[in-house]
Amino acid sequence: MVSPPHEAMHRIFQHDPGLFSRVSRFLGVDIPAPVKATALPTDLTEANPVERRVDTLLRLETADQGPYLLAVEAQGKKHPDKPASWAYYTAYLWTKYRLPTALLVVCQDHATARWAQQPVSCGPPQLPTLTVQPLVAGPHNMPVITDPDEARADLVLASLAAITHAAEPDVDAILKALSTALRDTPEDIAKPLVEFTAQGLAKRPAKNLWRKLVAVDLSFYKSYLAEEVRDEVRAEVRAEVREEVRTEVREEVRTEVREEVRTEARAESRAEDILLILEQRGLDISEDVRSRVTHCTDPELLRRWLARAVTVPKAEEVFEDA
């Protein structure tokens with residue numbers, strides 16, 4: 001199942017395709033800003049039954065260098081099969097579109113980032129037929145934006161900074177700067193960035209800080225973040241109400257059971273009294289009489305039998321008026 005951080009790490013580039021050119025300077029390359037961007041189908045499956053999908057695929061056009069493709073992959077952990085998949089993606093896209101293809105891998109931890117940026121070749125050491133070495137964006141090279149003015153200058157980059165530093169100590173300062181920068185931003189611009197940031201933080205401790213900052217600094221506490229909080233609160237309230245109902249039902253059942261036990265106790269006591277009287281009068285008490293008396297649960301019927309037990313000449317005659 002695809003996780004929210006996974007979605008946030010690549011979908012943010014769909015939201016703002018120009019982000020890649022602004023991020024590239026932190027990756028040690030100089031990518032010109034696109035003058036046009038087109039989202040392409042992410043399904044790279046061929047006629048064979050193996051399904052392959054890149055996370056995000058964009059066609060970017062530049063003024064001086066022409067068009068190229070950008071494949072964005074969100075990588076949450078090391079996976080030995082990924083380099084081969086990335087090689088397939090780039091080769092397939094190059095073959096299909098006949099355009100230069102760039103691959104960007106976005107990570108949230110240093111270990112995964114170091115692993116992802118290592119070159120991997122498909123041939124033997126002396127014959128590296130095809131080498132894959134993607135550009136990697138992660139906590140090791142994404143900027144730590146803690147100044148609201150700097151965040152305001154590029155809100156999308158600030159959101160990506162928060163996402164890639166989600167597990168880093170600096171994330172709190174980044175989130176505070178971002179929420180401050182979003183305070184006076186139009187809702188249609190701020191709302192998706194609030195959602196991307198919330199998704200990217202997932203269940204990390206910083207998520208709670210982001211909720212508080214959004215609730216205090218922003219007036220549109222809605223959509224993804226609000227729905228998530230509403231679901232959590234609903235679950236908590238449901239548990240509380242369920243316990244209240246259980247308590248109420250428990251008391252009702254306790255009252256019912258208490259009355260049932262009292263009735264059973266009265267019946268048992270009267271049955272004992274009937275047998276005792278018959279015994280004291282020296283009457284022969286058969287097993288059938290004893291069983292019928294002890295198994296009766298009707299207090300009123302037992303009361304009548306008790307009255308007759310005082311005068312009947314035979315034990316069996318206590319039932320004659322029943």
Side-chain angles (χ1 to χ4, degrees), residues 6 8-40 42 44 54-76 78 82-122 128-145 150-151 153-166 168 170 174 196 200:
H6 181 101
M9 284 191 285
H10 71 87
R11 285 183 58 239
I12 195 169
F13 288 89
Q14 296 178 25
H15 176 73
D16 182 358
L19 177 62
F20 178 56
S21 66
R22 306 197 299 277
V23 165
S24 67
R25 61 190 177 94
F26 301 104
L27 309 181
V29 293
D30 184 15
I31 303 296
V35 293
K36 182 180 179 181
T38 305
L40 299 178
T42 59
L44 309 184
V54 68
D55 288 334
T56 284
L57 180 60
L58 300 171
R59 175 190 168 111
L60 303 177
E61 299 185 23
T62 63
D64 300 326
Q65 298 182 12
Y68 69 96
L69 301 181
L70 172 64
V72 183
E73 281 279 283
Q75 194 64 32
K78 301 177 185 178
K82 269 300 180 178
S85 296
W86 295 337
Y88 173 88
Y89 296 163
T90 52
Y92 177 87
L93 292 170
W94 185 22
T95 302
K96 179 177 181 179
Y97 292 99
R98 290 291 192 266
L99 289 174
T101 302
L103 174 63
L104 174 67
V105 177
V106 184
C107 307
Q108 289 184 298
D109 66 274
H110 292 273
T112 303
R114 285 193 298 270
W115 164 81
Q117 66 186 5
Q118 294 301 312
V120 177
S121 298
C122 70
T129 307
L130 176 64
T131 300
V132 178
Q133 186 173 14
L135 292 171
V136 177
H140 64 299
N141 57 10
M142 285 297 93
V144 177
I145 301 176
E150 185 180 355
D154 195 334
L155 294 170
V156 182
L157 179 62
S159 178
L160 180 63
I163 293 170
T164 52
H165 289 87
E168 300 294 307
D170 296 324
I174 297 174
F196 281 131

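Heavy-atom basis, side chains included; hydrogens, waters and symmetry copies ignored.
At distances below 3.5 Å, not a single donor-acceptor pair connects side-chain atoms of Gln14 with backbone N or O atoms of Thr56. For Ser159 (side chain) and Leu155 (main-chain N/O), no donor-acceptor pair under 3.5 Å exists by modelled atom type. Under a 3.5 Å cut-off, the side chain of Thr112 and the backbone N or O of Asp109 do not form any donor-acceptor pair. At least one donor-acceptor pair under 3.5 Å links the side chain of Ser24 to the backbone N or O of Ile31.
Nearest heavy atoms, Ala71 versus Val54: CB-CG2, 3.7 Å. Taking all atoms of both residues into account, the shortest heavy-atom contact from Lys82 to Glu73 is NZ-OE1, 2.9 Å. Residues Glu61 and Pro67 come closest through the heavy atom pair CG-CB, 3.8 Å. When every heavy atom of Phe196 is checked against every heavy atom of Ile163, the shortest pair comes out as O-CD1, 3.6 Å. Between Arg98 and Thr95, the shortest heavy-atom distance links the atoms NH1-O, 2.5 Å. Here the shortest heavy-atom pairing between Lys78 and Ala111 reads CE-O, 3.6 Å.
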Would Val136 and Leu27 count as a side-chain contact (heavy atoms from CB on, under 4.5 Å) if you check the C-alpha gap in whole Å, the side-chain angles of each, and the deciding distance to 0.1 Å?
CA-CA 7 Å; Val136 177; Leu27 309 181; over 6 Å; no
After noting the C-alpha distance and the side-chain angles of Phe20 and Leu104, does the key distance pass the side-chain contact (heavy atoms from CB on, under 4.5 Å) rule?
CA-CA 9 Å; Phe20 178 56; Leu104 174 67; 3.9 Å; yes
Can you list the steps and then say if Val156 with Ile12 is a side-chain contact (heavy atoms from CB on, under 4.5 Å)?
CA-CA 8 Å; Val156 182; Ile12 195 169; 3.7 Å; yes
Might you work through the side-chain contact (heavy atoms from CB on, under 4.5 Å) test for Leu57 and Tyr89, ending with a clear yes or no?
CA-CA 10 Å; Leu57 180 60; Tyr89 296 163; over 6 Å; no
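Contact check for Val106 versus Gln75: no side-chain heavy atoms found under the 4.5 Å cut-off. Annotation: side chain of Pro34 is in contact with side chain of Ser21 (closest heavy-atom distance under 4.5 Å). When side chains are defined from C-beta on, Tyr92 does not count as touching Thr101, because their heavy atoms never get closer than 4.5 Å. Contact annotation: the side chain of Leu130 approaches that of Cys122 to within less than 4.5 Å [non-hydrogen atoms, C-beta and beyond]. Using a 4.5 Å cut-off on side-chain heavy atoms (C-beta onward), Leu58 and Leu40 make no contact. Counting heavy atoms from C-beta outward, Leu103 and Leu135 have side chains that stay 4.5 Å or more apart. Within the 4.5 Å cutoff, side-chain heavy atoms of Val144 are placed close to those of Ile174. Considering only heavy atoms from C-beta on, Arg59 comes within 4.5 Å of Leu99 through its side chain.
With salt bridges taken as basic N to acidic carboxylate O contacts below 4.0 Å, none links Asp55 and Arg11. Ion pairing of Arg22 with Asp154 is present here, as a side-chain N (NZ or NE/NH1/NH2) and a carboxylate O approach within less than 4.0 Å.
Atoms NE2 and CG, from His165 and Leu160 in turn, are 9.5 Å apart once rounded to the nearest 0.5 Å. Leu60 CG to Thr38 OG1: the interatomic distance, rounded to the nearest 0.5 Å, is 8.5 Å. Considering CE of Met142 and CD1 of Ile145, their distance stands at 9.5 Å, rounded to 0.5 Å. With values rounded to the nearest 0.5 angstrom, His140 atom NE2 is found 4.5 Å from Gln117 atom CD. The CG atom of Leu93 sits 14.0 Å away from atom OH of Tyr68, with the distance rounded to the nearest 0.5 Å. Note that NE2 of His110 and CG of Asn141 are 9.5 Å apart. Values are rounded to the nearest 0.5 Å.
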